[in-house]
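I have placed the structure first, in the form of structure tokens, so that the comments after it can refer back to it.
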Amino acid sequence: MIVYLLPFVALMLLRWGIAPYHRLRDQLYWIIMAAMFLFVAFRFEVGCDWSGYLNHFEIVGSPSYDRSIVRRDPGWWLMIETIGAAGLPYPFVNVATAIIFFAGVHALARRQPDPFAFLAFLYPVLVVNMSMGALRQAIAIGLVCVAFTAMMDRRVVRFGIWVGLASLFHQSALIFALLLPLVGGRYNWSRLAVAALLAIPGIVFLWSGEAVAIATARYVDTDLVAQGAIFRVMFIVLSGLAFRLFLRSAWKRAWPKDYDFVLIGSLGMMAMVAILPVSTVIADRLAYYLVPVQAVIFARIPYLPIRDSRRVLATVPWVALLALFVVWMATSDHFEQCFVPYQTWIGGYPDVQRFPL
């Protein structure tokens with residue numbers, strides 16, 4: 001537990017300590033990014049996805065790109081087939097995943113006034129939980145982060161392309177295609193209503209697809225519950241609500257260009273509460289996509305034109321996220337089974353292996 005907790009505590013204290021030193025903070029961002037990449041990419045038998053994706057890697061066997069293209073999530077199968085064809089061992093699947101994930105994260109981080117804080121806010125939930133536990137969706141989230149930058153710039157085609165690429169690795173990313181009518185112009189309630197009407201055919205199409213049928217069979221028509229999902233999803237919901245209640249007007253004055261993007265993101269965050277009773281797993285999976293939006297909000301609070309409560313509002317996210325992280329590690333069976341002990345293959349594979357390569 002301590003190997004996961006200490007980095008976040010160090011990031012939190014370091015961020016507070018170097019707050020006035022903008023140049024130092026930007027320089028440390030690259031060091032922290034590199035450290036996180038190494039931590040994620042070179043883990044060994046860490047994460048609940050390790051054995052499952054090892055099976056994928058072994059199933060592929062001899063390269064057959066035609067077969068991969070017709071599979072669900074073809075981008076994933078093409079990637080692991082290419083790694084296998086290059087003669088690289090299975091752990092390089094994690095390296096490739098981490099490259100795509102952190103490249104996408106960086107694309108969004110460099111748009112922030114404080115990339116260091118943005119990256120730190122991603123660590124407990126997105127970096128540890130997702131990029132070390134669900135490779136396909138981690139890649140999709142990285143690509144959706146790039147799509148978010150296109151949404152900020154109101155580039156409809158670019159947004160659609162990046163969402164389409166993300167869906168090749170995890171079909172859940174297609175939900176963001178429903179935002180296409182909103183990408184190209186100013187948002188208001190009339191446009192939201194029109195976009196909602198136009199989205200109905202898209203929702204019907206997505207809901208009738210194979211991916212939703214599989215998700216329904218696995219997560220809705222069963223008693224399966226995602227451990228910690230209620231806490232993670234409600235944290236997302238409350239973050240969106242806090243933006244609407246306390247930060248919205250100040251944000252519109254400070255960053256009018258990004259206001260519409262964060263406004264739509266906050267609405268999506270609050271909407272997660274409606275999915276939670278249907279399936280904690282589906283709500284949890286969709287909420288992960290909104291963690292970067294949450295981090296954008298949290299990282300910019302110190303720069304908002306709020307006089308009386310800015311210090312309190314800037315501190316609460318750090319404390320709440322730390323509490324959420326500690327509770328998850330202390331109570332989750334998955335954490336004990338999949339993340340402890342942390343091992344790395346930098347310098348060679350460990351002598352004792354549960355799943356020999």
Side-chain angles (χ1 to χ4, degrees), residues 1-41 43 98 101-133 138 141-142 144-145 148-149 228 231-232 235-236 238-240 242-243 247 255 258 262 265 269 287-304 310-329 335 339 342:
M1 176 176 176
I2 201 72
V3 73
Y4 298 97
L5 180 60
L6 273 182
F8 184 62
V9 173
L11 288 172
M12 184 169 63
L13 296 176
L14 188 60
R15 171 60 187 82
W16 290 346
I18 64 173
Y21 307 103
H22 301 285
R23 187 174 179 181
L24 176 60
R25 198 174 59 215
D26 292 342
Q27 292 170 341
L28 286 175
Y29 163 79
W30 289 104
I31 297 174
I32 300 303
M33 173 71 81
M36 286 189 186
F37 171 78
L38 294 174
F39 189 71
V40 170
R43 61 191 169 96
F101 172 77
F102 282 106
V105 165
H106 172 66
L108 189 56
R110 65 190 181 93
R111 299 292 191 96
Q112 312 310 315
D114 188 352
F116 182 100
F118 173 80
L119 187 60
F121 279 124
L122 294 183
Y123 172 79
V125 175
L126 209 57
V127 173
V128 174
N129 261 289
M130 181 53 60
S131 69
M132 296 177 67
I141 290 173
V144 167
C145 282
F148 285 159
T149 67
F231 299 106
R232 285 190 295 269
F235 187 46
I236 285 286
L238 292 174
S239 299
F243 173 82
L247 307 175
W255 290 289
D258 296 341
V262 180
M269 291 160 75
Y288 278 116
Y289 284 106
L290 298 172
V291 172
V293 183
Q294 181 191 56
V296 168
I297 295 172
F298 287 169
R300 295 196 191 188
I301 292 176
Y303 303 93
L304 290 174
R310 184 170 58 186
R311 181 169 294 181
V312 173
L313 290 172
T315 303
V316 167
W318 292 103
V319 176
L321 195 54
L322 177 62
L324 179 70
F325 195 33
V326 170
V327 168
W328 174 67
M329 289 188 292
F335 177 76
F339 290 88
Y342 177 83

>> Determine whether Leu126 and Phe101 satisfy the following criterion, side chain to side chain contact (heavy atoms under 4.5 Å, CB included), listing intermediate values before the conclusion.
In response: CA-CA 10 Å; Leu126 209 57; Phe101 172 77; 4.0 Å; yes
> With a 4.5 Å heavy-atom cut-off, do Val105 and Phe118 have their side chains touching?
Replying inline: yes
> Which atom pair, heavy atoms only, marks the closest approach of Pro124 to Asn129?
Replying inline: O-ND2, 3.4 Å
>> Apply ring pair (Phe, Tyr, Trp, His ring centres under 6.0 Å) to residues Phe298 and Trp318 and explain how you reach the verdict.
In response: CA-CA 9 Å; Phe298 287 169; Trp318 292 103; 8.8 Å; no
> Taking all non-hydrogen atoms of both residues, which atom of Ala320 and which atom of Phe235 are closest, and how far apart?
Replying inline: CB-CE1, 3.6 Å
> Which atom names give the shortest non-hydrogen contact between Arg15 and Ala117, and what distance separates them?
Replying inline: NE-CB, 3.7 Å
>> On a heavy-atom basis, which atom in Ser239 and which in Gln294 lie closest, and how many Å separate them?
In response: OG-NE2, 2.8 Å
> Between atom CG of Leu11 and atom CG of Leu28, what is the distance when rounded to the nearest 0.5 Å?
Replying inline: 10.0 Å
>> Taking the ring centre of each residue, are Trp328 and Phe231 less than 6.0 Å apart?
In response: no
> Which heavy atom of Leu290 sits nearest a heavy atom of Gly265, and at what distance?
Replying inline: CD2-O, 4.5 Å
> Under 4.5 Å between any side-chain heavy atoms of Phe121 and Val291, yes or no?
Replying inline: no
>> Tell me whether the rings of Tyr342 and Tyr4 are parallel (<30°), tilted (30 to 60°) or perpendicular (>60°).
In response: perpendicular
>> Any non-hydrogen side-chain atom of Phe37 less than 4.5 Å from a side-chain atom of Met33?
In response: no
> Can you tell me how far CZ of Arg300 sits from CZ of Arg111, rounded to the nearest 0.5 angstrom?
Replying inline: 9.5 Å
> Rounded to the nearest 0.5 Å, how far apart are CD1 of Ile31 and CE of Met36?
Replying inline: 12.5 Å
> Are any of the side-chain heavy atoms of Asp26 and Phe116 separated by less than 4.5 Å?
Replying inline: no
> How close do Ile141 and Pro292 get, heavy atom to heavy atom, and via which atoms?
Replying inline: CG2-CG, 4.4 Å
> So do the side chains of Phe8 and Leu321 get within less than 4.5 Å of each other, counting heavy atoms only?
Replying inline: yes
> To the nearest 0.5 Å, what is the distance between CG (Leu13) and CD1 (Ile18)?
Replying inline: 11.5 Å
>> Any side-chain to backbone donor/acceptor pair from Gln112 onto Leu108? Under 3.5 Å, distance only.
In response: yes
> Does Val127 reach the side chain of Phe102, with side-chain heavy atoms less than 4.5 Å apart?
Replying inline: yes
>> For Ile32 and Tyr123: C-alpha separation, side-chain torsions, deciding distance, then whether side chain to side chain contact (heavy atoms under 4.5 Å, CB included) applies.
In response: CA-CA 10 Å; Ile32 300 303; Tyr123 172 79; over 6 Å; no
> Given side chains that start at C-beta, do those of Pro113 and Trp255 come closer than 4.5 Å, heavy atoms only?
Replying inline: yes
>> If we count only N and O atoms by modelled type, under 3.5 Å, do the side chains of Tyr303 and Arg310 hold a donor and an acceptor together?
In response: no
>> Can you tell me how far apart CZ (Phe243) and CD1 (Ile301) are? Round to the nearest 0.5 Å.
In response: 10.0 Å
> Would a 4.5 Å heavy-atom cut-off, applied to side chains only, mark Val125 and Phe325 as touching?
Replying inline: no
> What is the distance from atom CD1 of Ile2 to atom CE of Met329, rounded to the nearest 0.5 Å?
Replying inline: 8.0 Å
